Amino acid sequence: MSLPSSQFPDLYDCGVLVTGGGSGIGAALVEAFLRQGARVAFIDIAEEESRALCDKLAAETGKRPEYIAADLRDVEAIRRAVAAAAAAVGPIRVLVNNAARDDRQALDDVTGASWDESLSVNLNHLFFASQAVAPHMRRQGGGSIINFSSIAFMLNMPEIPAYATAKAGIIGLTKSLAGRLGPDKIRVNAVLPGMIVTERQKRLWLDDAAIARMQERQCLKRMLTAEDLVGPCLFLASDCSAAMTAQAMIIDGGVF
Ligand SMILES: NC(=O)c1ccc[n+]([C@@H]2O[C@H](COP(=O)([O-])OP(=O)(O)OC[C@H]3O[C@@H](n4cnc5c(N)ncnc54)[C@H](O)[C@@H]3O)[C@@H](O)[C@H]2O)c1
C-alpha cells in the first residue's frame with residue numbers, strides 16, 4: 001500500500017515530532033508528514049537505521065527530517081531531545097508518541113526490573129514527551145498529541161503482560177492529558193492499531209499462520225501495513241479533527 005494522497009494544508013510548515021520514527025509505523029509517519037510539507041524531527045535509539053532513513057527520505061523527497069538520537073527511557077534525555085527538536089524544526093505543534101518495544105516474556109521470567117523497564121519504554125515517555133512539548137504548543141495557541149496504544153491490551157495475549165498494561169495505561173493517560181491540556185487548545189488522542197505487518201514484526205513474531213489467523217478475525221481480509229496508520233494520524237494532527245480530543249481510534253481492519 002502507498003501513502004494516502006490527501007493533503008492537509010494546515011500541516012504545511014508545521015513543526016512535527018515523532019518518537020520512534022526510525023523504523024516501522026514511525027518511519028511511515030515521518031515520511032508522510034514530510035510529504036505534507038511539515039518540518040519533521042524524530043527521536044530514536046537506533047542510530048544506524050535512523051540515519052539511513054534520513055538519507056533515503058532526502059534522496060526520495062528532497063527533504064531531510066531532523067534525527068535526534070536519544071533513549072526515551074531517560075527523562076532528562078527526553079527533555080533535551082524535545083528542546084533539540086524545537087531548536088531544529090521550530091515550535092512543535094504535533095507530537096506523535098509512537099515508540100515502544102513489544103518484547104515477549106514468560107510469566108515466571110518477569111522481574112521487578114524487567115517490569116519497570118517495560119513500562120519505561122512503553123508508557124512513561126509518552127507522559128514526559130507530552131510534558132516537555134506542552135509549553136511549545138501553548139505558546140503557539142494549541143497543538144495535537146497522538147498517543148500510540150494497541151488493541152493488544154483487549155486481546156488475550158499472555159506473553160506481553162507489561163506491554164499490555166502500558167497500552168491500557170495510555171488510554172487513561174490520553175484522557176487525563178486531554179483534560180489538563182484542553183483549556184490550552186492542545187488536543188490529545190490515542191490510536192489503537194491492530195496487527196500491522198512491519199519488517200520487524202515479521203522478523204521477530206509473525207509467521208504466515210499468525211497473519212492468516214488475524215485476517216480471519218478482521219472484517220477487511222487483507223494485511224495491514226504501516227501506511228494504514230498514516231491517514232488517521234494526519235487527520236488527528238490536522239485541524240480537520242479540531243473538536244476531537246480524549247478519544248481512542250481503533251485501526252485494526254475491523255477486529256473490534
Ligand atoms: N506493529 C504492530 O502490529 C502494532 C500493533 C499495535 C500497536 N503498535 C504500536 O505502534 C507503534 C509503532 O510500532 P512499530 O511496529 O512500528 O514498532 P517498531 O519496533 O518497528 O518501531 C519502534 C521504534 O521505536 C524505537 N525505540 C524503541 N525503544 C526506544 C527507546 N528506548 N528510545 C528511543 N527509541 C526507541 C525503535 O528503535 C523503533 O525505531 C508502537 O507504539 C506499537 O506498540 C504496533
Side-chain angles (χ1 to χ4, degrees), residues 17-32 41-54 65 67-82 84-85 95-104 116-126 128-129 145-155 157 160 162-171 173-174 190-207 210-211 213-215 217-218 223-230 232-233 248-253 255-256:
L17 175 59
V18 179
T19 68
S23 69
I25 296 168
L29 296 176
V30 168
E31 175 173 356
F42 71 96
I43 299 171
D44 207 293
I45 198 170
E47 298 201 23
E48 201 176 318
E49 216 169 344
S50 299
R51 293 194 199 288
L53 176 70
C54 292
Y67 166 53
I68 295 148
D71 184 342
L72 291 158
R73 292 170 297 185
D74 175 345
V75 173
E76 285 311 317
I78 294 172
R79 292 181 176 142
R80 284 194 299 273
V82 169
L95 168 66
V96 186
N97 278 318
N98 161 79
R101 212 190 54 232
D102 59 348
D103 293 348
R104 272 54 173 168
D116 288 347
E117 200 275 336
S118 184
L119 292 196
S120 105
V121 78
N122 291 310
L123 174 63
N124 300 0
H125 64 87
L126 284 80
F128 290 105
I145 297 174
I146 301 166
N147 291 333
F148 267 74
S149 175
S150 171
I151 65 166
F153 83 83
M154 299 188 287
L155 299 167
M157 294 184 71
I160 49 166
Y163 176 84
T165 302
K167 292 300 182 183
I170 288 167
I171 302 300
L173 175 65
T174 299
V191 290
L192 289 75
M195 180 187 278
I196 309 299
V197 182
T198 62
E199 285 309 316
R200 179 175 182 276
Q201 292 292 319
K202 275 200 289 193
R203 192 175 69 245
L204 293 179
W205 323 119
L206 299 180
D207 56 16
I211 295 172
R213 274 197 305 278
M214 187 53 94
Q215 280 184 39
R217 298 180 68 164
Q218 293 173 194
M223 202 164 74
L224 306 186
T225 65
E227 288 72 23
D228 284 302
L229 272 301
V230 165
C233 288
M249 188 191 270
I250 295 178
I251 299 121
D252 67 354
V255 174
F256 284 95

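All values derive from a computational prediction rather than experimental measurement. As the structure lists them, so they are numbered: ligands from 1, and atoms in each ligand from 1.
- Of all the heavy atoms of Ser149, the ones lying under 4.0 Å from any atom of ligand 1 belong exclusively to the backbone.
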Chi angles and distances behind the side-chain hydrogen bond (donor to acceptor under 3.5 Å, both in side chains) call for Ser120, Asn124: CA-CA 5 Å; Ser120 105; Asn124 300 0; 5.2 Å; no
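- Using 4.0 Å as the threshold, Asp44 has a heavy atom nearer than that to some atom of ligand 1.
- With a 4.0 Å cut-off on non-hydrogen atoms, Glu49 does not touch ligand 1 at all.
- Residues passing the salt bridge (charged side-chain N to carboxylate O under 4.0 Å, His left out) test with Arg80: none are found, sequence neighbours excluded.
- Leu204 has its side chain out of reach of Arg104: every pair of non-hydrogen atoms, C-beta onward, lies at least 4.5 Å apart.
- Listed by number with element, the atoms of ligand 1 under 4.0 angstrom from any heavy atom of Gln201 are 1 (N), 15 (O).
- Numbered from 1 in the order shown, with element, the atoms of ligand 1 that lie under 4.0 Å from a heavy atom of Met195 read 3 (O).
- For the pair Ile25 and ligand 1, the shortest N or O to N or O distance falls below 3.5 Å.
- Of the protein's non-hydrogen atoms, Arg200 CD, 3.1 Å is the one closest to atom 19 (O) of ligand 1.
- The distance criterion of under 3.5 Å between nitrogen or oxygen atoms is met by Ile45 with respect to ligand 1.
- When side chains are defined from C-beta on, Phe148 counts as touching Leu229, because their heavy atoms get closer than 4.5 Å.
- Residue Met195 holds its CE atom at 9.5 Å from CG of Leu155, rounded to the nearest 0.5 Å.
- Contact atoms of ligand 1 toward Arg73: 31 (N) (distance under 4.0 Å to a heavy atom of the residue).
- Using a 4.5 Å heavy-atom cutoff, the side chains of Met154 and Asp252 are not in contact.
- Residues passing the side-chain contact (heavy atoms from CB on, under 4.5 Å) test with Ala129, sequence neighbours excluded: Ile78, Leu95, Asn97.
- In this structure, Glu76 CD and Phe128 CZ are separated by 9.5 Å, a value rounded to the nearest 0.5 Å.
- Atoms of ligand 1 lying under 4.0 Å from at least one heavy atom of Lys167, given by number and element, are 40 (C), 41 (O), 42 (C), 43 (O).
- The closest side-chain heavy-atom distance from Thr174 to Ile171 is not below 4.5 Å.
- Between Ala226 and ligand 1 there is no heavy-atom distance shorter than 4.0 Å.
- Nearest protein heavy-atom neighbour of atom 38 (C) of ligand 1: Ser23 OG, 3.3 Å.
- To the nearest 0.5 Å, atoms CG (Asp102) and OG (Ser118) are separated by 9.5 Å.
- Using a 4.5 Å cut-off on side-chain heavy atoms (C-beta onward), Phe42 and Asn98 make no contact.
- Within the listing of ligand 1, atoms 10 (O), 11 (C), 41 (O) sit less than 4.0 angstrom from a heavy atom of Phe148.
- Here's the thing with Arg101: none of its N/O atoms is less than 3.5 angstrom from an N/O atom of ligand 1.
- Residue contacts with ligand 1: Ile151 is placed with no nitrogen or oxygen under 3.5 Å of a nitrogen or oxygen of the ligand (distance criterion only).
- Distances between N or O atoms of Ile43 and those of ligand 1 include no value under 3.5 Å.
- Listed by number with element, the atoms of ligand 1 under 4.0 angstrom from any heavy atom of Ala99 are 24 (O).
- In this structure, atom 17 (O) of ligand 1 has no protein heavy-atom contact shorter than 4.0 Å.
- Set against the non-hydrogen atoms of Ala46, the atoms of ligand 1 under 4.0 Å away are 37 (O).
- Looking at heavy atoms from C-beta onward, Val121 lies out of side-chain contact with Leu72 at the 4.5 angstrom threshold.
- Closest to atom 30 (C) of ligand 1, if we only count protein heavy atoms, is Leu72 N, 3.7 Å.
- Closest to atom 24 (O) of ligand 1, if we only count protein heavy atoms, is Gly20 CA, 3.4 Å.
- Interface of Gly24 with ligand 1, defined as ligand atoms under 4.0 Å from a residue heavy atom, comprises 16 (O), 20 (O).
- No side-chain heavy atom of Ile196 sits less than 4.5 Å from a side-chain heavy atom of Gln201.
- Ranking the protein heavy atoms by distance from atom 42 (C) of ligand 1 puts Tyr163 OH, 3.6 Å first.
- Ala70 counts as a contact of ligand 1, since one of its heavy atoms falls under 4.0 Å from the ligand.
- The protein non-hydrogen atom at the shortest distance from atom 28 (N) of ligand 1 is Val121 CG2, 3.5 Å.
- Scanning all protein heavy atoms for the shortest distance to atom 5 (C) of ligand 1 gives Gly194 O, 2.9 Å.
- In Ala27, neither the side chain nor the backbone holds a heavy atom less than 4.0 Å from any atom of ligand 1.
- Looking at Arg101 and Tyr163, their side chains never come closer than 4.5 Å, going by heavy atoms from C-beta outward.
- Protein heavy atom nearest atom 6 (C) of ligand 1, with residue, atom name and distance: Ser150 OG, 3.2 Å.
- Taking CD1 from Ile170 and CG from Asn147, the interatomic distance works out to 6.5 Å, rounded to the nearest 0.5 Å.
- Taken to the nearest 0.5 Å, the CG atom of Asn122 stands 8.0 Å off from the CD atom of Glu117.
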